[in-house]
Every structure is written in structure tokens, then in C-alpha cells.
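Single-structure report; data block below.
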Amino acid sequence: MFRYLVRRLLAAALIMLVITTITFFIFFALPSDPALLACGKTCSPSRLAEIRHSLGLDRSYLTQYWEFLKGLFAGRDFGDQSVRIHCGAPCLGVSFQTDTPVLTTLLSDFPADLSLGLGAAVVFLVLGVGLGTVAAVRRGRAADKAAVGLALFGVSVQIYFIGLLLLYLFVDKFQILPTSGYTPITEDPAGWFQGLILPWTTLVIVYLAMYTRLTRSSMLEVLAEDYLRTARAKGLPATTVVLKHGLRAAVTPIITIFGMDVGSLIGGSAVITESVFGINGIGKLAVDSVQNSDLPVILGTTLFAATFVVLANVVVDLVYGLVDPRVRLA
């Protein structure tokens, strides 16, 4: 297992290097001029040249790429002698809009994404696997039809529709919950929970449908296997047959999808949910940076999200080894 982990970590590091390289050169392939964007509307040629030199844009692309890679491990300094900004490792650059290191901005918004994505993921995983298992065991009955209908509803609706509907019902009309938004859990745990109830509910409704359908189809396939029929014939309890033998064999595709979803949600893919409920997360930061043409922030959010997706894949591979002994033997 240790060698397997080392191989997966080395592969993840190689993937991150490829993503970093592609993202960096796409950064320079954009038609906009980073120095001109940082200089502003009223910019003299001399001032533009100073900004190009302070940002290192007057060097070759390969030199800038090497400086960027060194900054990830050793940090970098931006600016001239009069105004110098230190960006500590790992340095993802300095924002054109705020003159602050990109990583500092990402880390300040990361708790919101972590709370939103991880909290919703736990709920829709438990509910989705539970409903899908019940639907498979009671195939063709009322419970199965209800679960399939709920899944169809979740697939049909969109996040912005569910989010606005929940805001209207629970905040504006009945005033059950306060105005949504993110409050750090360290400041007010109750406010943190109340502010995330509706965003969690929105994501659960949308993602629950996929996990219910995926679990149901996987369980139906596994329940038809010969070894499960043998287990029933030996007189094993139905709960043992379904949960210990059936669900463990059916959970492999669910783990794959769940790992990808958690990695993307924590990395900031819940941008629509953040926008609807006024949560200042990494997804909303990415949209704002695109609107403001803040290229270092765009680069930073892309790499930040890619990091969590790659790490999620590594964790999924390790969980495979725990669930399926054949992976450990391989």
C-alpha cells in the first residue's frame, strides 16, 4: 500500500506540473496586456514600462515561467525599490486590483467553500446512497417509485431556481431563517449553521438525484450476482446481504463520483450557489477576477481548484484499496 501511495503521489505531482504549465502559458496567450491592466486607464508609456519591469513581463516567457515555478517553492518579490511586495511560498502572484498575494486572498475565501462543499457533500452522499439502496431492494414498489421521482425532480431543476425559491419561502415570505450569507464558525457557530442551511439544501437537492440513481443502478446489478443469491440461500440476514456484501461491491463507482464532486466543490465550483446566496467563496472570486481581468487571480483560482481535484483523485484511489482488497493486491 505504501508503494501504491508513493506512485499515486508522484503521478499527482506530475499532473499538477502539467496543469501549472498549461495554465501559465494560457495566461500569456490571453489578448489583454497584464501590465496595461495593472496600470489603469490613465497610463503613461514610462509608467507602463516600469510596471512591466516590476512584474517581470519584460523577460522571456521561459524566464518568467521559471521565476513562477521558483516562487511556488521559495517565494518572490514584486515591485521596485520604492514599493516592494513580498509574496511568500507558495507564491501564485499578486492581484492587480488589491496588490495582495493571491494565495492570501484564496485562503481567506477558502473556509466558505470548505464549509459549503463538505457539509453538503456529507448530506447528499448519505441520503443518496440510502435512498438508492432502498429503491433497489424494493424495486417496483412505492419506495422505489418515490425515490426515482425525487431523483427525476432533482435532475430537472436548476440551482438558481431552487436557490431563489428557497430564499423567497424561508427568508422573505415566512422569515424562518435570517438573510443568507457566510459567517465564520469561529465568530458565531449558530450564525454559521443558519447561513448555510439554504445553500446546503440547494446543493443536496441537485446532487441527491445523481447519487440516488447511481446507487440504485449499481445495487440492482450487484443484487443479481450469484454470490448474493448464495448468501441468501445460506440463510444470512437480509441486512447483512444488502449492506455488507451488496453495498460494498456497489460502492466503487459512487466513490469515484463523490471524490470528484467533493474536490470540485471545495475548489470553488459552486459558483452559482455562492452568487445566489451571497457567499464570498473562491468560485465567486474567480468570476469577479474574470470580470475585472485580474489575471493573477484567475491563474491562482485555476491552480487552486485543480489541486483539490487531483488530491481528491488520490484519496479516491486510497479508499479503493480499503474497500476492494483486489486493488491492494494489484
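Centroid-to-centroid, the aromatic rings of F68 and Y61 stay 6.0 Å apart or farther. Between Y65 and F25, the ring centre distance stays below 6.0 Å. Not less than 6.0 angstrom separates the ring centroid of F277 from the ring centroid of Y182.
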Compile the donor-acceptor pairs under 3.5 Å between side chains in residues 112-139 and protein atoms, sequence neighbours left out, one pair per line.
unit_1: D113; atom_1: OD2; unit_2: I282; atom_2: N; d: 2.5
unit_1: S115; atom_1: OG; unit_2: P111; atom_2: O; d: 2.9
unit_1: S115; atom_1: OG; unit_2: W192; atom_2: NE1; d: 3.1
unit_1: T133; atom_1: OG1; unit_2: V129; atom_2: O; d: 2.7

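Using a 3.5 Å distance cut-off with no hydrogens or angles, the side chains of T63 and S60 do pair a donor with an acceptor.
For the pair Q64 (side chain) and R59 (backbone), a donor-acceptor distance under 3.5 Å is present. Put simply, the side chain of T301 gets close to the backbone of I298: a donor and an acceptor are under 3.5 Å apart. Using modelled atom types, no side-chain atom of R232 and backbone atom of A238 make a donor-acceptor pair closer than 3.5 Å. Put simply, the side chain of S218 never gets that close to the backbone of T215: no donor and acceptor are under 3.5 Å apart. T240 contributes no side-chain N or O that, together with a main-chain N or O of L236, makes up a donor-acceptor pair within less than 3.5 Å.
The nearest pair of heavy atoms linking G75 to C91 is CA-CB, 4.2 Å. Heavy-atom minimum distance, R76 versus G71: CG-CA, 3.4 Å. Heavy-atom minimum distance, A250 versus M219: CB-SD, 3.7 Å. Closest approach of C87 to P101, counting heavy atoms only: SG-CB, 4.1 Å. For the residue pair G283 and V271, the shortest heavy atom distance occurs at O-CG2, 3.4 Å. N313 approaches R8 most closely through the heavy-atom pair O-NH2, 4.4 Å.
Side-chain contact between Y160 and T273: absent, with no pair of heavy atoms (C-beta onward) separated by less than 4.5 Å. Looking at L247 and V222, their side chains never come closer than 4.5 Å, going by heavy atoms from C-beta outward. A heavy-atom distance below 4.5 Å is not found between the side chains of L106 and F110.
Rounding to the nearest 0.5 Å gives a distance of 7.0 Å between CD1 of I15 and CD1 of I19. Note that the CD1 atom of I197 and the CD1 atom of I176 stand 10.0 Å from one another [nearest 0.5 Å]. For the atom pair L318 CG and I255 CD1, the distance stands at 11.0 Å (nearest 0.5 Å). For the atom pair CG of L92 and OG1 of T104, the computed distance is 9.5 Å after rounding to the nearest 0.5 Å. For the atom pair F304 CZ and T307 OG1, the distance stands at 7.5 Å (nearest 0.5 Å). Of the inter-residue distances, the one linking W66 atom CH2 with L62 atom CG reads 11.5 Å to the nearest 0.5 angstrom.
At a threshold of 4.5 Å between side-chain heavy atoms, the hydrophobic network of Ile, Leu, Val, Met, Phe, Trp and Tyr places L177 and I159 in one connected group. F153 and L165 end up in the same hydrophobic cluster when Ile, Leu, Val, Met, Phe, Trp and Tyr side chains are linked at under 4.5 Å. Under a hydrophobic clustering in which Ile, Leu, Val, Met, Phe, Trp and Tyr are joined whenever their side-chain heavy atoms come within less than 4.5 Å, directly or via other members, F170 and V204 fall into the same cluster. Put simply, M210 and L208 are part of the same group of oily side chains (I, L, V, M, F, W, Y) that touch within less than 4.5 Å, one to the next. One hydrophobic cluster, built from ILVMFWY side chains closer than 4.5 Å, holds both L203 and I257.
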*Full working for side-chain contact (heavy atoms from CB on, under 4.5 Å) between L198 and V171*: CA-CA 10 Å; L198 295 183; V171 176; 3.8 Å; yes
_Stepwise side-chain contact (heavy atoms from CB on, under 4.5 Å) test for L228 and V242_ = CA-CA 8 Å; L228 283 185; V242 173; over 6 Å; no
*asked:* Applying side-chain contact (heavy atoms from CB on, under 4.5 Å) to V102 and V94, what does each step give before you reach the verdict?
replied: CA-CA 5 Å; V102 173; V94 174; 5.8 Å; no
*Can you list the steps and then say if V276 with T202 is a side-chain contact (heavy atoms from CB on, under 4.5 Å)?*
CA-CA 10 Å; V276 170; T202 302; over 6 Å; no
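A salt bridge links R216 to D144: at least one charged side-chain nitrogen sits closer than 4.0 Å to a carboxylate oxygen.
In the displayed structure, E221 atom CD is contacted under 6.0 Å by at most 12 heavy atoms of other residues, nucleotides or ligands. A 6.0 Å sphere centred on CZ of F161 holds no more than 12 heavy atoms belonging to other residues, nucleotides or ligands. With a 6.0 Å radius and a threshold of 12 heavy atoms from other residues, nucleotides or ligands, M260 has its CE atom at or below the threshold. The number of heavy-atom neighbours closer than 6.0 Å to CZ of R213, taken from other residues, nucleotides and ligands shown, is 12 or below.
Sorted by first and then second residue, the salt bridge (charged side-chain N to carboxylate O under 4.0 Å, His left out) pairs involving residues 250-277 (not counting sequence neighbours) form an empty list.
Residues that satisfy the ring pair (Phe, Tyr, Trp, His ring centres under 6.0 Å) test with F258, not counting sequence neighbours, are absent from this structure.
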